[in-house]
Amino acid sequence: MIDLRSDTVTKPTPEMRKAMAEAEVGDDVYGEDPTVKRLEELAAAKLEREAALFVPTGSMGNQIAVHLWTHPGSEVIIEARGHIVNFEMGAMAALSGALPRPITTTNGLLSPEQVEAAVNPKVSYRTPTRLLCLENTHNLWSGLPMPRELKDQLVAVAHKHGLKVHLDGARIFNAAMALGTTAAELARGCDSVMFCLSKGLAAPVGSMLVGDADFIAEARRVRKLFGGGMRQVGVLAAAGIVALTTMVERLVEDHRRAKRLAEGLAELPGVILDPERIQTNIVVFRLARPDLPGDETLPPNARFVAAMKEHGVLCGAFGKEEVRMVTHYHITDPDVEHTLAAARTVLGKA
Ligand SMILES: *Cc1c(COP(=O)(O)O)cnc(C)c1O
């Protein structure tokens, strides 16, 4: 099977397996795991911040930040298709009593004006706005990278109004490679940053939460509160170190393959996709093909996904119209060509 459902399906590299087997470990809840410490120092250095915390999932990293930057009954400004508000089980409400203020955009990029307009006035009868969440790359917007200049403007507006800024940088290294800059530049000014080791970087488990030393000390407390204190977890951190040191530069290959996939798909009948917009490893397109054969009770995108599976290709369906394909470490050039050939068979030539 060619698995394009997500870059989360990546398996640890041989070098990771070896590092995991040989990892020096200790009880990390007591702060005694040397491999976790090494990973946390490496992550902080990469992002040019004081400190970092190893967390089991990206969602936990995001929700620890939300918990620390909000209080019950306060609002969080976020782009309407953001992961934090759509794919984290309503955690900001369930765990922190915070309310999302989702802002709809036409291209996935919040504008400083939109953020400014969404901040409630500081009066005793209006819900306090506490946090701005940014996402880079933006998952549901075809892995769109957010340029540093826009991030700087958004951070400036947020800070002017006394808001904190959390960056959901699950794929921050994809953004950095695509924009020809560093993750540190793309995160500068944000009060906290989360990034994933377990996506395109191919580590089996884990994400990092990064910020200043006081924030990370508090984050360590909340990680335990949320049930995320881990013991001899150096076996996982060891894979994370390999991920951060060996898997970042090669992300450009995933981007090149996603672009090729997008260009091929865009030529097929019913595929609504501008390949120019595909800059990283995620291809999201709309499918306007109500005539597609298959299970009539399913929307056309789900019928497409089912038909592709028959041809040995796994991809994802979102809503009633969207299909998502994600390139990663295990996807080769021939896999991309096979996928395009399968899509041509399923959709017919234009
Ligand atoms: C994957 C992802 C996360 C974290 O997901 P987990 O499955 O909890 O690790 C957060 N934000 C974005 C944008 C993601 O794509």
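Whatever order the structure lists them in is the order used to number ligands and atoms, beginning at 1. Hydrogens, waters and symmetry mates play no part in the numbers below; they use all other heavy atoms, side chains included.
- If you look at ligand 1, the protein residues with a non-hydrogen atom under 4.0 Å away are Thr57, Gly58, Ser59, Asn62, His83, Glu88, Glu135, Asn139, Asp168, Ala170, Arg171, Met194, Lys199.
- Between Val119 and Arg101 the shortest side-chain heavy-atom distance does not fall below 4.5 Å.
- Taking the charged nitrogens against the carboxylate oxygens, Arg38 and Glu24 have no contact shorter than 4.0 Å, which rules out a salt bridge.
- Within the 3.5 Å criterion, the main-chain N or O of Cys315 finds no donor-acceptor partner in the side chain of Arg324.
- Between Phe226 and His67, the two ring planes are perpendicular [angle over 60°; tilted spans 30° to 60°].
- When side chains are defined from C-beta on, Thr280 counts as touching Pro145, because their heavy atoms get closer than 4.5 Å.
- A salt bridge is absent between Glu185 and Lys151: the closest approach of a Lys/Arg side-chain nitrogen to an acidic carboxylate oxygen does not fall below 4.0 angstrom.
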